[in-house]
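Presented below is the structure to which this report refers.
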Amino acid sequence: MKWSIEDFVYGATDGAVTTFAVVAGVVGASLSPSIVLILGFANLFADGFSMSIGNYLSAKTHREYNQKQRKKEEWEIDNLAAQEEQEIRDIYKEKGFKEEILEEIVRVITSKKKVWIDTMMKEELGLIEDKNKSPRDTAITTFVAFNLIGMIPLVPFVLLHLSGYSSAWSTSDAFLYSVVFTAIAFFLIGIIRGTAVNRPLFRTGLNTLTIGGIAASVAYLVGYLISEIV
């Protein structure tokens, strides 16, 4: 199995945001801590599975579409070679190549069928195939990341439940720890994202933290308003 950092960041971010949003919404509505666990874990596994399936289907559809377009280009090269050769010429002419150099580029590309097809896929259709990334691996990585990071906001409430809801460990304490742990998780996800895209780590960490904080604040506010109205 080969996992990609893009799928991990995608699943981890969504897992942390959605699970903490559930926690914040329930606490904002002043509901029982047990409700946090019930809704939190239900969301964690159901939403994580749904998201991984969606990512699987998306990756599979993208691969199948690429294969369809590749077969189409292969047919056109076999049956409309002159037209396809002219398309190569037009593509590189627009890039600024002229006369002998342009004709040499066309000759080299069209001399090998695979190179010809690859060039048409990329330059004409804007499609780039990633044969090392399978839909299955994409789904597994997304699911694992979603559940692994998404569980972080629930850890303090699990400890609260195990303590028997003692007076020394209140719902407010659990929520405060949940906020801190989740904020750290958001920031670390941002650092991982920054590493992947070669951007300033602190900035991407802060950006991810801000996005997660906004989602959590909205959920908490909605829960609080509902508790006041109902």
Side-chain angles (χ1 to χ4, degrees), residues 3-61 135-161 171-197 204-230:
W3 67 281
S4 70
I5 194 168
E6 295 88 351
D7 292 323
F8 182 86
V9 170
Y10 176 55
T13 302
D14 199 56
V17 169
T18 56
T19 306
F20 185 74
V22 170
V23 171
V26 173
V27 173
S30 300
L31 299 177
S32 168
S34 60
I35 301 298
V36 173
L37 295 177
I38 293 171
L39 294 182
F41 279 103
N43 170 83
L44 189 65
F45 293 108
D47 210 20
F49 181 76
S50 175
M51 185 178 176
S52 64
I53 291 298
N55 216 10
Y56 170 83
L57 293 175
S58 176
K60 193 171 188 295
T61 300
R136 183 200 62 187
D137 293 346
T138 292
I140 293 174
T141 302
T142 302
F143 182 79
V144 171
F146 187 98
N147 284 274
L148 184 65
I149 305 302
M151 193 174 295
I152 291 176
L154 298 174
V155 171
F157 290 91
V158 171
L159 296 177
L160 177 62
H161 175 74
T171 302
S172 298
D173 294 329
F175 182 63
L176 178 60
Y177 283 119
S178 182
V179 170
V180 173
F181 291 168
T182 307
I184 293 173
F186 283 143
F187 193 79
L188 291 177
I189 292 169
I191 289 177
I192 295 173
R193 186 166 64 89
T195 302
V197 298
T204 53
L206 191 61
N207 177 258
T208 305
L209 175 59
T210 301
I211 294 173
I214 291 173
S217 298
V218 170
Y220 183 85
L221 180 61
V222 170
Y224 175 77
L225 292 176
I226 291 176
S227 68
E228 291 296 310
I229 295 173
V230 176

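This one's a predicted model, so the numbers in the text were calculated from it and none came from an experiment.
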Write down the atom of [X], the atom of [Y], and the distance for their closest heavy-atom approach.
X: Ala174; Y: Leu160; answer: CB-CD2, 4.1 Å
X: Leu154; Y: Leu37; answer: O-CD2, 4.2 Å
X: Pro33; Y: Phe157; answer: CB-CD2, 4.4 Å
X: Gly190; Y: Thr204; answer: O-OG1, 2.8 Å

Does CZ in Phe41 sit with more than 12 non-hydrogen atoms of other residues, nucleotides or ligands closer than 6.0 Å?
->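 Count over threshold, so yes.
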
Tell me, yes or no, whether the heavy-atom count around Phe187 atom CZ, taken from other residues, nucleotides or ligands under 6.0 Å, exceeds 12.
->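 More than 12 heavy atoms, drawn from other residues, nucleotides or ligands, come within 6.0 Å of this atom.
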
Between Phe175 and Phe20, what is the ring plane arrangement, given parallel below 30°, perpendicular above 60°, and tilted in between?
->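 The arrangement is parallel - the two ring planes meet at less than 30°.
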
What is the distance from atom [atom1] of [X] to atom [atom2] of [Y], rounded to the nearest 0.5 Å?
X: Asp173; Y: Ser178; atom1: CG; atom2: OG; value: 12.5 Å
X: Ser50; Y: Phe146; atom1: OG; atom2: CZ; value: 9.0 Å
X: Phe8; Y: Thr138; atom1: CZ; atom2: OG1; value: 14.5 Å
X: Ile149; Y: Asp14; atom1: CD1; atom2: CG; value: 12.5 Å
X: Phe45; Y: Thr19; atom1: CZ; atom2: OG1; value: 9.5 Å
X: Ser52; Y: Asp47; atom1: OG; atom2: CG; value: 10.0 Å

Heavy-atom distance under 4.5 Å between the side chains of Phe181 and Pro153, does that happen here?
->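 No; the side chains remain at least 4.5 Å from each other.
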
Under 3.5 Å, side chain of Thr195 to main-chain N/O of Ile191, donor-acceptor pair present?
->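 Confirmed, Thr195 side chain pairs with Ile191 backbone.
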
Ignoring hydrogens and geometry, is there a side-chain-to-backbone donor-acceptor pair from Thr13 to Val9 under 3.5 Å?
->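 Pair found, side chain donor or acceptor close to backbone of Val9.
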
Counterpart residues, side chain to side chain donor-acceptor pair (under 3.5 Å), relative to Thr208 (two or more places apart) =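 Partners of Thr208 by the side chain to side chain donor-acceptor pair (under 3.5 Å) criterion, ordered by chain and then number, come out as Arg193.
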
Going by distance alone, is a donor N or O of one side chain under 3.5 Å from an acceptor N or O of the other, for Thr142 and Asn55?
->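 Yes, a side-chain donor-acceptor pair sits under 3.5 Å.
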
